[in-house]
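Below: the structure, in structure tokens.
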Amino acid sequence: MRIVCPFCGERELGEFTYLGDAKPARPAADAGEDAVFDYVYLRDNVAGAMSEHWYHGGGCRAWLKVTRNTLTHEISAVEPAAGVGAAKVGA
Amino acid sequence: MAEFSWEVRSPLERALVAGPYGVRGDAGVSLTEIRSFDLIQVMARRGKAADMAEAARARFGVAAPDAPKAVGTPDATLIWSGPDQFFVLSKAGKHSIEAVGSAFAGSASLSDQSHARVLTSVSGTKARAMLAKLTSIDLHQGAFPIGAAAATSMDHTSVTLWRGDDRDGQAVFNLLVFATFAESLWHTMLDAAAEYGVNIGHSDEL
Amino acid sequence: MKYSIFSLARAALSGHKNWQRTWRDATPKDRYDVVIIGGGGHGLATAWFLASEFGIKNVAVLEKGWIGSGNAGRNTTIIRSNYGLPGNTGFYELSMKLWERMEQDLNYNTMVSQRGVINLYHSDAQRDAYARRGNTMRINGIDAELLDLAAVRKMMPFLNFDNARFPVQGGLLQRRGGTARHDAVVWGYAHAASALGVDIIQNCEVTGFTRDANGKVTGVETSRGRIGAGKVGMAVAGSSSRVAAMAGLRLPIESHVLQAFVSEAIKPLLPGVMTFGAGHFYVSQSDKGGLVFGGDIDGYNSYAQRGNLPVMEDVCEGGMALMPMIGRVRLLRQWGGIMDMSMDGSPIIDKSSVDGLYLNAGWCYGGFKATPGSGLVFAHLLARDTPHKEAEKFRLDRFQRGAMIDEKGQGAQPNLH
Amino acid sequence: MVGGPQTHRLSNGGLIDRSAPLSFRFDGKTFVGYQGDTLASALVANGVKLVGRSFKYHRPRGILTAGSEEPNALVELRTGARREPNTKATTAELYEGLEAASQNRWPSLRHDFMAVNQLFAPIFVAGFYYKTFMWPAKFWEAIYEPAIRRAAGLGRAAGIADPDHYDKAWAHCDVLIAGSGPAGLAAALAAGRSGARVILCEEDFALGGRLLADGGTIDRLPAADWISRTLAELAALPDIRIMTRTTLFGVYDGGTHGAIERVNDHLPSPPEQQVRQRLWRIVAKRCVVAAGAIERPIVFAGNDTPGVMMASAMRTYVTRYAATPARRVALFTNNEDGWRTVETALDAGLQIAAVIDARAEVSPAHRSLASKGGFTVLNGSVSGVEGGKDGVKKISVSMTGGARAEVEADGLAVSGGWNPAVGLTSYHRGRPKWRGDIAAFVPDGAPPGMVAAGAANGDFGLGACLREGFAAGASAARDAGRNRKAGAAPVAEDEAYSLTPLWHVAGKGKAFVDYQHDVTASDVELAQREGFESVEHLKRYTTLGMATDQGKTSNIAGLAIMAAVSGKSIPETGTTIYRPPYVPVAIGAFAGHHRDETFHATRLTPSHHWAVEQGAVFVDTGLWKRAQWYPRAGEKDWLDSVTREVKAVRGGVGFCDVSTLGKIDVHGPDAGAFLDRVYINTFSNLAVGKARYGLMLREDGLVYDDGTTSRLAEDHYFLTTTTAKAGLVMQHLEFCRQVLFPELDVQLTSVSDQWAQFSIAGPKTRDLLKEIVDPAEDLSNEGFPFMGAREVALRGGIKARLFRISFSGEMAFEISVPARYGEALVRNLMLAGKQFGVTPYGTEALGVMRVEKGHVAGPELNGTTTAADLGLGKMMSTKKDFIGRVMAGREALVAPDRQVVVGIKPTDKARRLRSGAHIIPKGQTPGPDNDQGYVTSVCFSPTLDQWIGLGLVERGRERIGEIVHAHDPLRGEDYDVELCNPVFYDPDGGRQRG
């Protein structure tokens, strides 16, 4: 597999580490235990296009949000993970 | 009171044996370690990328690279190292962290990496053939022109790679490697280059 | 027809024209007491235990393709019970004991071969972890031996002892571990279950559940029509999330691809199953002569049933690091299976929150060795509505309670288990 | 010249170099061949027909094909450590001194004892072993299985380390082409002229594919001339790379392809500094598969007799190698293409015994060829072959209409038609589709960017191959963004290819579908009878297609027979899933240089070479080499050395390289707030110039890592991690920074390699430091109190960071200098510390002192423990949110009966304690219900003069003082131990604060 890092360009799989589904957001500090349980343990386990977190640790160390089809491994979009552009906010 | 010597020692000091290596005859690959340099990592503060770029221009006369590129100035090279961050590579304390610090005050955080990396240049007619065993990046003339840079991995080890100006009509690839991995990767490089014949050396010149 | 050397010799005289189907080719009935979704090893074993152990014979096993087409047919055939945590230890030993009598139970030679499983260690820390695990096994009445370097050298003189990056220091050996012929396990259970009246229905894909007014599952919709059921059991590793979703459930499971490899057939070279402790690699040699390799999962969610090069290289690097004598042996075939990776690396066998629907899922890459045990405890759950005592810790609510069974200590990140 | 004459070599012709004779040995006998031969062609030229024995029945086998699809002619090539089992004679290039041996026979190929298996053949049908060998159960491992194992397998692996080297490399191109036949070369021309970067892989050592054997006229040139002209044009283009001896074996996601280059297999051994083989990962924007087609056998009785050969292979041997597999040849064909073999044989002066053509009609041209050549054309099928080890003797023919005929011949060429090589195009689980006109499967659902052309796509005519290849090359280049004009395609005529499908001829005797696995037509029928109708069941039950050729010559015939007996069509029956690699690939090549000491990279600490000089013993910690202890003369074992080192520290001063700890610079105005969220305790209120121990959890509430973090400036923290988790914590923190908390202004950099860091510990630490630190620095307890952290100047001008932290429980500092000063620092410490008896210590002594002090480390931070389990529950802030806070509160994680860290010491002071021993209440018989925990870490404590340890024990901290049982059945040990305070040494901490 090859992932087009929005910062570095196309790179091979070995430079990246996988985390998982990028859809669930970390619940707010005052969210209840159920919400956190859901975030930590339950998965949609999508069969098809899925938005995922990958880390370009073997490259620019950016966390990425990759849209990838779990049936075909085809990648349709890659963008910086939420907030990776933080340094750009307000710039 | 004892007399102390604070001699700096390159992580490659023992592994690097200057002279020919591998197959005899004309060396297809030259490996040169550059031993003395300052290396600063500059990382923009949140929302201050533009300020950082401006500060870089003020200090170095060129904008900080905002894409994987290496930009040369007469006394420093600015090398992209990730989103909103870059390295300043220089010599003789001119752009040491002490010297550069105030230039980026408020716009960027600085981290001294002068001792954290080993710098090697790879050139020769077989440099690309040898590097093809180590990097998954396409180093073809059209894909990786002079000034191109990459934060990438070799042999599962993070490196920063950029192409300098050609020397004697041959491409020159510069490689920053983490210091504690350097000896190991050095041996891997020698293995990869041995079949082409290698000329090993070190230099204090960038 | 009972299988034996005598029936075989008799059949030879008639040119083998009289053999019957190994299992009946059943057409679906309107209703069964129990419908099992998934004609893999676990589903078929469950059906057989329901019929043989619990007297429930009005059972159907529904398989969307051909039986054994999932992970039962694409694993590395290893059996062992060398687990270290309460919950796993007893269960896998129950399974091991069932392996030891499987051929006689089923009248089918599944080639259970107890040639030993050794986990090599390369550091003091690994040795200590294996000592802890081996002692757990012994306390549970399971065989385990901690071998030192000399003992490993004697047993496997061909390992790289002299110039290894991470030299072998010893190993944890379970002599009763080994391998079994994976396809034969499927066929054997199908053969025996079918003989007891279980209907095995291939090319029958479940497309939905039928529910009554209270939400209780009353049957399944399939590509071959609606089939009523008193209870429905799911044993569809790799597809658990997708099938459960039809009943509105979300599971603590991700689907990941695990590759396996086999070399060309060569004359006997390796004694048993070996696991490399300084990389991700394990190997055994099949009866046919191929070296069967496995390693880590590829590491990202996938239903593609095929892997990528980095893991293949990683496995071969481990192989060469451990035994450089295999350098010139050639890799023949590469394949991938879809693992039901749970959040703690251990399985889930429980009633679901939907009345009438029972789960058998989350086997990660340990499913094959669990086959007979899984069949027995799942049949128990389906028949009695209470967990078998060796499956009491495999409850679905353990994640809510914080009672994970996490052998690797990796937490809720399935690709690290 | 050694060896006899090459009895079956034509006097001229062939692409062999007659000026370069090569002698070689097969089964101990010496022969001569030529440069340009394969082992198979050289054996053919020497009249050798018998080359192997089959897998199950040990039937004599000859050479069936001339390529990588060969199922029969497998040999052990080379000897000693270089012995390679199952090597296809048909692809092994001949070299001077080549040694090969037949396999799977005893005592010799001609007289194979195991051929008695043929007597049991009536019992040894498909799947027989599933029905027997079950009684008594114990006999399986003891008797049946070893016998089966010995009989199975083919060749023998060397059994000793492979002496050759391998490497791996990457390549990149616009258009990748598999195969250098007419379609492949035309594709390369088109893509190259369009301006594309092209890589063409050819598994053979010669370029041209079928053109090498079948010739033809292209652009009005003889094929050989056209090949030369084309190669010259390609050579003149800027970015064309042609790789011979290179097989494209797989296609992976993102346009990554696997290829194996046999760099030096054509030589006795690789030249100095060169590898045997190289694994290529080729990244291509587009791929044109021009891998050709594989001629398929017809299943009939005796079709495995040596001398029965694929018709196209026979042409290859005659034309390309000038070697004659037979002198009197019969042809059995069901298609037009097979007839070419007759033309070739006649041209070479061979006799044609007869042509058996299964089709109703034979073309007038062939009729006249028959009358000219003086042979008969029999309309019918071969129903049996007589012969044996020495080859074909007589062929029985069932004529259309029922008559029978016999033909005497010493060779039978067979053509059942052609199957496109659909492997590569099917590796992404695409299923090929059936094309009725050629009765073959053609590619469908190829991986993205891949297209088949020519014979690989089912279009067999020369003209079509050129047209399709050229078009595919041009369009691939266009898709890759290369748009220059490709010019005109090469032109050739299209030959007719009329075929009447024929898979199986009924007859008496074994008719083989899968030669290598001895699967017969009746095995397929039996499988169907027993319900193994699915092609995947068929494959698994009979082992059809699972041999080293992966069924290249057998799969389609097998499923055609299954289709016939189950009353379905071939496309309804379907194919099995195609699996890479296309040809078997040496495991060594996949490993490359990652073996032996270079299996993984090695990380060296700044003091490594100094420690080597000191004679240190090293331990692997992850990728690191760390000094484990420093033996001295007179010490009898490691324990002596470690005990000395511990005593030296506790009584004086010692130092240890701790540079392996992960070190992270945390910058920015929100650095404190950030750390508050990732640690369970608070860092935003840490004063500048102070350090604090921190513990971080995973989001599931269990402990992830620990370490000390110092505040060096208002907006700058220096965080340390454990050695094991350094990289993972960095990744985790980046996730927190970039994804979870993007609103915080914080920057992270790893500075692990920037700083050489040493722990200096012992009551004389301050004395030693005073020698080395600038006298102006205040190191007094007031000036530099416990948990202080700041930059100091050293004598001689350099700057260092000093942290007053202690892992050993002694008065201690950690000192950091830029890494290239690390070795100088060590030497200076030795120099300055001589007067205090300064002692370097390794990781063992470090470990002893941390156990004595009750500090938790890896064995306790095992991913299943909570902060409270470690005795650190009180650190969890209740005033803020942090990662893992909520899940840490789950019932089972706060249950009172959890196993928690406690000290453990044997009641018998002379007793050695071992990690991994379990804790059982005293007086009880060990069992699953009273297994209350285990010993996690142990050491011999020189301070207490006994073995001590830490353990995780149920309710451990409530039970301090209780005597329990350490149960260690693995090592046959059982003894009493006392549960005690885990802090064995200086529990009130006076020493480290003093």
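Below, chains carry the letters A, B, ... as their sequence lines are ordered, and counting in each starts from 1.
With a 4.5 Å cut-off on non-hydrogen atoms, Ala129(C) does not touch chain D at all. Of the two parts of Leu85(C), neither the backbone nor the side chain holds a non-hydrogen atom closer than 4.5 Å to a non-hydrogen atom of chain D. In this structure, the portions of Asn308(C) lying under 4.5 Å from any heavy atom of chain D include both its backbone and its side chain. Of the atoms belonging to Gln400(C), it is backbone heavy atoms, and not side-chain ones, that fall under 4.5 Å from chain D. Of the atoms belonging to Ala895(D), not a single heavy atom falls under 4.5 Å from chain C. Neither the backbone nor the side chain of Glu76(D) has a heavy atom closer than 4.5 Å to any heavy atom of chain C. Neither the backbone nor the side chain of Glu100(C) comes within less than 4.5 Å of any heavy atom of chain D. Within the 4.5 angstrom heavy-atom criterion, only backbone atoms of Gln20(C) (N, CA, C, O) approach chain D. Within the 4.5 angstrom heavy-atom criterion, no atom of Arg24(C) approaches chain D. Heavy atoms closer than 4.5 Å to chain D are found in both the backbone and the side chain of Lys17(C). With a threshold of 4.5 angstrom between heavy atoms, Ala403(C) approaches chain D through its backbone and through its side chain. For Leu269(C), the part lying near chain D is the side chain, with the backbone staying farther off; criterion is any non-hydrogen pair under 4.5 Å. With a 4.5 Å cut-off on non-hydrogen atoms, Thr136(C) touches chain D through its backbone and its side chain both. If you measure heavy-atom distances from Gln334(C) to chain D, the contacts under 4.5 Å come from both the backbone and the side chain. Of the two parts of Met404(C), only the side chain, counted from C-beta on, holds a non-hydrogen atom closer than 4.5 Å to a non-hydrogen atom of chain D. For a residue to count as touching a neighbouring chain, one of its non-hydrogen atoms must lie under 4.5 Å from one of that chain's; by this rule Phe6(C) does not touch chain D. For Leu526(D), the part sitting under 4.5 Å from any heavy atom of chain C is the side chain, from C-beta outward, and nothing else.
For the residue pair Thr864(D) and Gly409(C), the shortest heavy atom distance occurs at CG2-CA, 3.9 Å. The shortest heavy-atom contact between Ala152(D) and Asp287(C) is CB-O, 3.3 Å. For the pair Asn135(C) and Gly916(D), the tightest heavy-atom approach, listed with the atom from each and the gap, is ND2-O, 2.8 Å. Taking all atoms of both residues into account, the shortest heavy-atom contact from Gln410(C) to Arg698(D) is C-NH1, 3.4 Å. Taking all atoms of both residues into account, the shortest heavy-atom contact from Ala586(D) to Gly327(C) is CB-O, 3.5 Å.
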Inset, instruction - Could you go through the side chain to side chain contact (heavy atoms under 4.5 Å, CB included) check for His537(D) and Gln202(C) one step at a time? - result: CA-CA 12 Å; His537(D) 279 153; Gln202(C) 300 187 97; 3.3 Å; yes
Legend entry - Trace of the salt bridge (Lys or Arg N to Asp or Glu O under 4.0 Å) decision for Arg74(C) with Glu536(D): CA-CA 12 Å; Arg74(C) 42 183 105 238; Glu536(D) 289 284 353; over 6 Å; no
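The CZ atom of Arg149(D) lies 6.5 Å from the OG atom of Ser286(C); values are rounded to the nearest 0.5 Å. Residue Ile266(C) holds its CD1 atom at 12.5 Å from OG1 of Thr548(D), rounded to the nearest 0.5 Å.
Using modelled atom types and a 3.5 Å distance limit, the side chains of Glu145(D) and Ser113(C) yield a donor-acceptor pair. Using modelled atom types, one finds a donor on one side chain and an acceptor on the other under 3.5 Å when comparing Arg330(C) with Thr87(D). Remark: the Lys131(D) side chain and the Asn107(C) side chain contain no N/O donor-acceptor pair separated by less than 3.5 Å. Arg181(C) and Tyr129(D) are not linked by any side-chain donor-acceptor pair at a separation below 3.5 angstrom, with hydrogens and angles left out of the test. In summary, the side chains of Arg165(C) and Thr602(D) do present a donor paired with an acceptor at a separation below 3.5 Å, with no hydrogens or angles considered.
Between Trp187(C) and Phe532(D), the ring planes are perpendicular. Angles over 60° get that label, and only those under 30° would be called parallel.
Checked against the 6.0 Å centroid criterion, the rings of Phe276(C) and Phe599(D) qualify as a close aromatic pair.
The ring pair (Phe, Tyr, Trp, His ring centres under 6.0 Å) test applied to Phe124(D) returns Phe120(D), Phe128(D), not counting sequence neighbours.
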